[in-house]
Amino acid sequence: MVPIDEVKRIADLSKLTYSPEELERFVHHFQEILDYFEHLSSAPTEGINPTYHALEAVSGTPFRTDEKRPSLACTEAVSNAPQETDCQFRVPKVIE
Amino acid sequence: MTEINHLSIRQLHNGLKRKDFSVREIASAFLGRISEVDSRVRAFITVEPERVLRDAEGLDQKLRTGEQSMGFLTGIPLALKDNIVTQGTRTTAGSRILENYMPPYSATVAQRLRSSGALILGKTNCDEFAMGSSTENSAWFATRNPWDLGRVPGGSSGGSAAAVAAAEVAAALGSDTGGSIRQPAAFCGVVGLKPTYGRVSRYGLIAFASSLDQIGPLAGTTADAAMVLQAIAGHDASDSTSASRAVDNYLVEIGRDVKGLRLGIPKEWFGSGLDRTVESSVRAAVSRLEKLGCSVVEVSLPNTEYAISTYYVVAPAEASSNLARYDAVKYGYRSPNPKDLEDMYKRSRSEGFGPEVKRRIMIGTYVLSSGYYDAYFLKASKVRTLIAEDYAKAFQEVDVLVGPTTPSLPFKLGEKTGDPLQMYLSDVYTVTANLAGIPALSMPCAITEENLPVGLQILGPHFQEGLLLRVAHALEQELGLKRPILPK
């Protein structure tokens with residue numbers, strides 16, 4: 001069983017919070033899913049390299065040349081910000 | 001004459017050329033259909049009738065003056081899944097955290113469709129951030145299956161599939177990370193194609209799992225799917241994973257004969273857990289392909305048993321990283337009156353994300369965290385190699401693989417919402433194509449006695465979308481299934 005403190009640590013890393021009731025429900029499903037993952041350990045992966053990109057070798061995904069090009073105007077870039085001042089993102093005070 | 005909204009893209013195109021109707025008349029017919037049925041189907045999150053009619057009139061004008069040439073998609077009404085960003089049109093990805101998000105730019109696929117003259121009628125419902133197999137994880141509402149309004153349309157592109165099935169649009173775009181185009185296509189009796197990873201630009205697709213995500217068409221026929229794919233495929237400098245390889249002419253490909261093609265039947269896909277009706281329908285369709293001159297052999301994909309675990313480690317791991325961007329600073333929901341910055345992050349994310357998205361962020365963070373990385377993420381990434389090798393070996397023996405798209409017929413609303421693992425298991429035949437990056441297509445192969453569609457899946461080697469469409473087109477012609485007018 002995953003200890004509750006471990007689940008809380010993962011929630012903290014994920015920047016998520018759970019109420020005690022939510023946590024109880026969550027832990028049940030979380031454990032069930034992790035148990036299901038267990039059989040992965042029996043897969044014969046000795047000497048096998050991991051895959052992080054399915055087509056790296058075949059698709060040909062060249063880098064583009066690093067040229068200056070127009071980007072979003074400042075007003076557009078902040079247009080969805082919950083709070084902004086003078087075209088800058090506004091957040092709660094960080095430095096005392 | 002068939003009503004305008006029940007015509008295929010090709011028929012609409014020919015009708016426009018003959019001046020049987022104008023773009024404006026097409027737009028009115030499809031908007032009328034949406035008004036008529038969408039309160040029951042609930043495929044759309046956003047429809048913009050005024051803008052659509054204005055665009056349609058503009059197109060009619062440009063066609064008259066010759067400013068717009070008449071391409072296959074000119075004047076064709078389409079919809080985009082709501083995780084594809086559209087400048088000036090609200091884009092939520094089915095999430096409360098993006099409730100008021102107004103994108104300042106459009107996805108490459110949206111730009112390409114617009115420049116080909118397509119009419120974008122609106123944005124379709126999906127599971128939140130494309131995480132789900134029933135569209136019930138949308139923060140807004142559940143979409144219904146037009147074949148039976150008590151059943152799910154599949155997911156996560158359930159809105160796109162239902163909109164096509166209910167003739168609210170001629171075709172739509174979805175995205176597929178583990179089956180999210182193919183499974184809803186199967187459940188709604190339409191054609192859905194997940195292209196090869198890198199064939200279609202992901203620029204402007206709200207990211208879920210970046211090494212698996214791919215945009216593709218959902219349409220009423222294979223020819224319609226081919227036309228939409230033709231318009232969106234190809235290299236894009238804005239997506240560093242987009243492939244520079246030339247795009248085939250899919251409409252030429254679908255016309256070619258299938259005689260002599262070798263079909264492989266993955267034996268592991270016909271074991272326990274497969275619904276009998278689905279199995280018999282798929283086997284019957286395979287016999288029809290044999291009749292057309294294809295040879296059929298059984299092949300083995302021995303690592304199928306690890307498919308779901310591998311996918312549900314890799315995809316949430318990538319999602320947990322991708323969704324870290326929702327920090328309530330740059331865009332998206334911010335919880336009111338936070339104590340400090342940390343409190344702002346945590347409360348905004350906890351209130352903005354739904355339960356399934358939070359669950360996947362947690363799984364992803366867990367499998368990537370120190371102490372578990374090797375046992376889960378690294379292990380799954382190695383098994384991913386084995387799964388890709390299974391396909392590579394199979395494609396040395398056969399041209400394409402054919403099997404079921406889903407283990408069951410469309411399930412009832414609410415049937416699996418309380419059990420996330422059961423929901424995950426319904427993706428067993430679809431996730432491996434994404435892990436291996438290969439193209440895969442789902443098409444209707446039968447209609448059951450209960451009047452539900454059965455999906456058949458065709459998979460091929462990288463960049464062989466034309467071959468998949470060719471086999472699907474031949475089977476479609478051979479079966480001659482009639483699309484009913486839905487919902488009843």
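Source: prediction; values computed, not measured. Throughout, a chain's letter reflects where its sequence line sits, starting with A, and its residues are numbered from 1.
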For the residue pair Y18(A) and R359(B), what are the closest heavy atoms and their distance? OH-N, 4.2 Å
When only pairs under 4.5 Å are counted, which of L378(B), T310(B), I438(B), I308(B) shares the most heavy-atom pairs with chain A? I308(B)
side-chain contact (heavy atoms from CB on, under 4.5 Å), that's the test. Do H39(A) and S309(B) meet it? Break it down for me. CA-CA 8 Å; H39(A) 77 141; S309(B) 300; 2.7 Å; yes
Go through the steps to decide whether K379(B) and T45(A) satisfy the test side-chain hydrogen bond (donor to acceptor under 3.5 Å, both in side chains), and finish with yes or no. CA-CA 8 Å; K379(B) 182 76 180 181; T45(A) 53; 2.7 Å; yes
Search all heavy atoms of K330(B) against all heavy atoms of F89(A) and return the closest pair with its distance. CA-CE2, 3.5 Å
How long is the span from the CD1 atom in I48(A) to the NZ atom in K382(B), to the nearest 0.5 Å? 9.0 Å
What pair of heavy atoms forms the shortest contact from V329(B) to A81(A), and how long is it? O-CB, 3.8 Å
May I ask you to decide if the ring planes of F377(B) and Y52(A) are parallel, tilted or perpendicular, using 30° and 60° as cut-offs? parallel
Verdict with reasoning, E32(A) to D419(B), per side-chain contact (heavy atoms from CB on, under 4.5 Å): CA-CA 10 Å; E32(A) 202 174 52; D419(B) 192 343; 3.7 Å; yes
Roughly how far, to the nearest 0.5 Å, is the OG1 atom of T365(B) from the CG atom of D12(A)? 11.0 Å
Rounded to the nearest 0.5 Å, what's the gap from CD1 on I363(B) to CD1 on I33(A)? Could you check? 4.0 Å
With a 4.5 angstrom heavy-atom cut-off, which part of L435(B) approaches chain A: side chain, backbone, both or neither? backbone
Could you give the distance from CG (L13(A)) to OG (S369(B)), rounded to the nearest 0.5 Å? 7.0 Å
With chain A, which of I387(B), N303(B), L386(B), D239(B) has the greatest number of heavy-atom pairs at distances under 4.5 Å? L386(B)
What is the distance from atom NE2 of H462(B) to atom CG of L55(A), rounded to the nearest 0.5 Å? 4.0 Å
Using distance alone, with no hydrogens and no angle criterion, decide if T385(B) and T51(A) have a side-chain donor and acceptor under 3.5 Å apart. yes
Stepwise side-chain hydrogen bond (donor to acceptor under 3.5 Å, both in side chains) test for Y372(B) and E6(A): CA-CA 12 Å; Y372(B) 304 105; E6(A) 184 64 355; 2.9 Å; yes
Structural part of Y424(B) lying under 4.5 Å from a heavy atom of chain A: side chain
Against chain A, work out which of F353(B), Y331(B), Y366(B) has the most heavy-atom pairs shorter than 4.5 Å and name it. Y366(B)
Given that the side chain runs from C-beta out, which part of V94(A) has a heavy atom under 4.5 Å from chain B: side chain, backbone, both or neither? side chain
Measuring from L212(B):CG to H53(A):NE2, what's the distance to the nearest 0.5 Å? 11.0 Å
